[in-house]
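Here the structure comes first, spelled out in structure tokens, and everything after it is commentary.
We number each residue from 1, following the sequence as shown.
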Amino acid sequence: MVNTLWRSGYIDTTIESIAKSNDSIFVANLRLGKPLKRIQIYYDNNFNSDLLKFINHKPGEGFFELAINGLENSLNELNSKIAELGDPFSSLQLIEIEKYNDLLISARLKIVSNQKRRIDKIVIKGYEKFPKSYLRWFLKLQKGKSFNLNEIKKKVELLEDLRFAKKIKDPEVLFTSDSTTLYLYIEKNRSNNFDGFLGFGTNENTNKIEFDGYLDLRLINNLNYGETLNLFYKSDEIDQQTFRIDAELPYLFRSPVGLQVGLNIFRKDSTFLNASQYAKLNYQINAQHRIGAGISLTNSTNLLENNTTVLNDYTTNYYTVNYNYTKPQFYDPLFPINFLFDFSFGIGRRENDFGKQSQNIASLNTYKIFVLNNRNNIFLRANGAMLTSDDYFDNELFRFGGINSIRGFEENSLVANMYGVINTEYRYRLSRSVYVHSVFDVAYFENELTDTKEKLFGFGFGFGLLTNAGLFRLNYSSGKTENSPFKLSDSKVHISLTASF
């Protein structure tokens with residue numbers, strides 16, 4: 001009781017008498033005196049006055065003033081901030097307490113400090129082969145750093161941004177007289193993905209059902225290095241084949257720089273064949289931001305007998321830069337990425353029998369999920385690309401359309417030197433693992449070879465189901481151009497399964 005009164009400012013409180021009323025009750029007479037309202041606390045020059053911004057105070061020359069009823073909480077907050085600076089066993093004392101008047105007292109702040117702690121050792125439990133480079137550059141934890149448990153806990157939360165690892169429980173610390181050991185509890189996740197889809201629709205000319213599909217295999221961290229290997233193959237109903245393989249090696253030589261290389265082969269029936277290679281260096285700024293620069297080479301072969309001004313052998317060489325931002329929402333297994341922004345730009349030139357031609361190329365892929373509540377959200381995506389040149393060949397233009405572009409059209413059936421697509425979905429969750437959604441897509445493209453400028457629309461619906469095997473999706477959509485009516489016979493059904501293993 002007396003301690004409570006002292007904390008409220010009645011520091012002159014004295015016990016006049018105590019009388020026993022019965023076996024369990026004592027009656028005390030207290031003299032409270034006048035309550036104090038404020039205290040001025042003086043500090044030495046070695047005190048870090050920047051810490052005062054964390055408490056509610058009135059500043060002065062070499063002192064700060066607090067309300068008596070908030071004194072204990074303010075000192076606890078200051079002690080906590082000092083501990084975060086690497087001195088977890090520090091304590092604060094008020095000495096040389098003097099009473100100015102009935103409303104104000106003064107005191108001097110004394111910091112009882114121990115030796116500042118630094119991280120001497122990091123021990124990983126559960127996933128002992130966790131890539132050490134991710135500790136230093138992704139989580140930014142390393143030996144010799146000043147010990148700050150609250151900051152360490154925030155950094156460990158970044159594990160949720162990784163697909164191949166997750167936190168089991170909060171980190172723990174072992175203090176000895178001369179060392180500080182940090183224990184991290186990490187578990188390895190299944191992070192390999194197999195993705196594919198089967199599409200079918202009616203051919204306008206033959207009225208027969210035609211099938212198309214693709215295979216997308218992604219292997220992540222199988223060597224416990226954090227590496228990624230992608231293998232992609234697609235064949236569609238208009239006799240086009242795409243083969244792509246690329247690999248990413250992060251944090252080369254335990255540095256923040258990673259290497260990404262790839263090969264892409266595209267064949268258009270018996271018309272032409274494009275083979276592209278690229279290599280780039282990426283710098284991981286932090287868990288969400290990454291920049292990169294590299295080089296891209298393409299060699300295109302005309303498979304017809306003669307070269308023309310429309311279809312011609314050529315080679316291109318581009319120097320590229322790119323920026324990537326990824327924001328996960330790790331609490332959601334259906335939609336693990338809340339926001340993605342990926343932009344790249346390249347300058348280069350094309351060489352062929354007609355000479356050399358300077359060119360620029362740019363691409364954008366971004367999407368955002370707007371969460372309205374637990375069951376409703378809106379998905380918006382924009383993607384597109386642009387090639388600028390004085391003249392164009394058909395075998396260097398972009399191919400787009402299909403389930404990963406504008407839905408309701410055949411895969412890669414649209415050809416353009418510039419295009420933009422906006423995909424929208426209204427999603428409603430039936431449960432944590434099942435959702436239904438609408439499909440409304442809009443696209444615009446230009447093809448200077450055919451002098452075409454056209455708007456496209458796609459409408460439909462679909463659903464997704466998260467199973468033990470992976471994410472199963474089905475979309476039914478129909479596409480139309482600006483001046484053409486809808487035809488149910490042109491509708492497309494797309495089925496895909498993304499399996500993790």
Quiz item: Taking only residues two or more places apart in sequence or in another chain, which ones pass salt bridge (charged side-chain N to carboxylate O under 4.0 Å, His left out) with Lys280?
Solution: none
Exercise. Considering non-hydrogen atoms only, spot the tightest contact between Phe343 and Ser363 and give its length.
Key: CD1-O, 3.3 Å
Exercise. Might you point out which heavy atoms bring Phe393 and Glu396 nearest each other, and give the distance in Å?
Key: N-OE2, 2.9 Å
Donor-acceptor pairs under 3.5 Å, side chain of residues 181-191 to any protein atom, not counting sequence neighbours: which ones?
residue: Tyr185; atom: OH; partner: Glu172; partner atom: OE1; Å: 2.8
residue: Glu187; atom: OE1; partner: Lys166; partner atom: NZ; Å: 3.4
residue: Lys188; atom: NZ; partner: Asn224; partner atom: OD1; Å: 3.0
residue: Ser191; atom: OG; partner: Ile220; partner atom: O; Å: 3.1

For residues 284-292, which side-chain N or O atoms pair as donor and acceptor with protein atoms under 3.5 Å away, sequence neighbours left out?
residue: Gln284; atom: NE2; partner: Asn286; partner atom: O; Å: 2.8
residue: Asn286; atom: OD1; partner: Gln288; partner atom: N; Å: 3.0
residue: Asn286; atom: OD1; partner: His289; partner atom: N; Å: 2.9
residue: Gln288; atom: OE1; partner: Tyr325; partner atom: OH; Å: 3.3
residue: His289; atom: ND1; partner: Tyr323; partner atom: OH; Å: 2.6
residue: Arg290; atom: NH1; partner: Glu248; partner atom: OE2; Å: 2.5

Exercise. Could you grab the distance from atom CG of Leu263 to atom CG of Asp246, nearest 0.5 Å is fine?
Key: 9.5 Å
Please set out all donor-acceptor pairs under 3.5 angstrom arising from side-chain atoms of residues 131-143, sequence neighbours excluded.
residue: Lys132; atom: NZ; partner: Glu128; partner atom: O; Å: 3.4
residue: Tyr134; atom: OH; partner: Gly226; partner atom: O; Å: 3.4
residue: Trp137; atom: NE1; partner: Arg254; partner atom: O; Å: 2.5

Quiz item: Would you find a donor on one side and an acceptor on the other, under 3.5 Å apart, between the side chain of Asn274 and the backbone of Asn395?
Solution: yes
Exercise. Would you confirm whether Gln329, through its side chain, and Phe335, through its main-chain N or O, come within 3.5 Å as a donor-acceptor pair?
Key: yes
Quiz prompt | Counterpart residues, ring pair (Phe, Tyr, Trp, His ring centres under 6.0 Å), relative to Tyr318 (two or more places apart) | solution = none
Practice problem: For Asp394, enumerate each residue passing the side chain to side chain donor-acceptor pair (under 3.5 Å) test, keeping only those at least two apart in sequence or located in another chain. | Solution: Arg399
Quiz item: Do Lys234 and Glu411 sit within salt-bridge range, that is, some charged N less than 4.0 Å from a carboxylate O?
Solution: yes
Quiz item: Hey, does the side chain of Asn221 reach the backbone of Tyr225 with a donor-acceptor pair shorter than 3.5 angstrom?
Solution: yes
Quiz prompt | Name of the residue among Phe400, Phe409, Tyr444 meeting ring pair (Phe, Tyr, Trp, His ring centres under 6.0 Å) with Tyr419 | solution = Phe400
Exercise. Look at Asp120 together with Arg117 and state whether they make a salt bridge at an N to O cut-off of under 4.0 Å.
Key: no
